[in-house]
Amino acid sequence: MANNEQTFIMIKPDGVARGLVGEVIKRFEQKGYYLRALKMMNVPKELAEEHYVDLSSKPFYKGLVNYIVSGPVVATVWEGKGVVVTGRKLVGATNPLASEPGSIRGDFCIDVGRNVIHGSDAVESAKREIGLWFPEGLADNKPELKWVYES
Ligand code: IDP
Ligand code: MG
């Protein structure tokens, strides 16, 4: 399994407004994942619509897009072995009432329409989302990984 798998994690407007940015970053960092990119931004409506295009037929789609554009988000890219699947575990189940305690959604929210954080659901969707949110590309890096990975 590659040590440089990447996932797209976004702290949604409610997470930013509630002061949970540090908490989210802390949890991914302390697991051992590497913060590859980070920016705070207001989200253009077209970007929110494109990000959630697969859900465009859902009744909650319009409300979802309005939620994502309602205030600044923090968009991040994390790198490491199994980061997509394990990142989803750190994030927790979509509906926070069903998210396990210990996960971010399980610990910090209640409503599915205010669930604090986004995490890519597969390696392929992570690639699509990173391209969408970071069209400028990612900065060069050379992280020291010998304390995280045996090889
Ligand atoms: P995910 O964020 O866990 O991947 P998805 O099914 O991809 O969940 O849905 C994307 C986002 O759409 C959710 O995180 C949540 O904010 C919102 N959402 C999903 N289902 C509902 C719903 O039934 N009502 C309102 N919002 C929803
Ligand atoms: Mg999803």
Side-chain angles (χ1 to χ4, degrees), residues 1-139 148:
M1 203 184 273
N3 290 353
N4 64 351
E5 183 176 303
Q6 294 181 342
T7 195
F8 176 67
I9 298 291
M10 172 176 60
I11 302 143
K12 293 175 176 179
D14 51 336
V16 174
R18 292 178 53 205
L20 297 172
V21 175
E23 183 66 38
V24 169
I25 290 171
K26 182 184 74 142
R27 287 177 180 221
F28 276 81
E29 277 188 337
Q30 67 188 12
K31 175 70 178 165
Y33 288 130
Y34 181 75
L35 179 61
R36 197 63 179 70
L38 176 147
K39 64 183 171 188
M40 187 182 221
M41 60 187 283
N42 288 107
V43 185
K45 194 162 185 233
E46 307 70 51
L47 177 56
E49 287 171 345
E50 183 61 25
H51 175 75
Y52 283 123
V53 68
D54 291 352
L55 299 174
S56 57
S57 63
K58 301 282 186 191
F60 58 81
Y61 180 67
K62 197 159 174 265
L64 174 58
V65 169
N66 286 337
Y67 164 40
I68 298 304
V69 305
S70 65
V73 304
V74 170
T76 66
V77 176
W78 292 87
E79 193 167 282
K81 191 189 286 182
V83 71
V84 171
V85 166
T86 300
R88 289 282 288 190
K89 288 184 189 157
L90 294 174
V91 165
T94 303
N95 184 344
L97 288 179
S99 314
E100 292 296 330
S103 68
I104 292 162
R105 286 170 174 165
D107 287 349
F108 297 112
C109 50
I110 299 168
D111 250 11
V112 69
R114 296 289 183 273
N115 62 358
V116 167
I117 184 167
H118 165 82
S120 308
D121 64 9
V123 171
E124 280 313 305
S125 44
K127 282 184 188 148
R128 183 185 83 88
E129 291 169 4
I130 292 166
L132 208 52
W133 289 85
F134 290 90
E136 69 275 27
L138 311 183
V148 179

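For ligands, and for the atoms within them, numbers begin at 1 and follow the listed sequence.
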Next item on the list: Write down the atom of Thr94, the atom of Asn115, and the distance for their closest heavy-atom approach.
Entry: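 Closest approach of Thr94 to Asn115: O-ND2, 3.1 Å.
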Check: Between Ala48 and Val69, what is the shortest heavy-atom contact and its length?
Finding: CB-CG1, 3.9 Å
Margin query: Parallel, tilted or perpendicular: which one describes the rings of Trp133 and Phe8, with boundaries at 30° and 60°?
Written below: parallel
Under 4.0 Å, heavy atoms only, figure out whether ligand 1 is touched by the backbone of [X], its side chain, both or neither.
X      : value
Val112 : both
Asp54  : neither
Arg105 : side chain
Lys12  : side chain

Notebook entry, point to check: Counting N and O atoms only, with roles assigned by atom type, does the side chain of Tyr61 sit under 3.5 Å from a partner on the main chain of Glu49, one being a donor and the other an acceptor?
Noted result: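 At least one qualifying donor-acceptor pair exists.
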Note to self: Using modelled atom types and a 3.5 Å cut-off, is there a donor and acceptor pairing between side-chain atoms of Ser120 and backbone atoms of Thr7?
What the structure shows: no
Close N or O approach ([X], ligand 1; < 3.5 Å):
X      : answer
Asn115 : yes
His118 : no
Tyr67  : no

Checklist line | Salt-bridge criterion met for Glu29 and Lys26 (N-O under 4.0 Å) | finding: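 Result for this pair is no, no salt bridge flagged.
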Note to self: For atom 23 (O) of ligand 1, what is the closest protein heavy atom, and at what distance to 0.1 Å?
What the structure shows: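 The protein heavy atom lying closest is Phe60 CD2, 3.7 Å.
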Note to self: Under 4.0 Å from a heavy atom of Thr94: which atoms of ligand 1 are those, numbered in the order shown and with their elements?
What the structure shows: 1 (P), 3 (O), 8 (O), 13 (C)
Next item on the list: For residues Leu138 and Glu79, determine if any side-chain heavy atom of one lies less than 4.5 Å from a side-chain heavy atom of the other.
Entry: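 No; the side chains remain at least 4.5 Å from each other.
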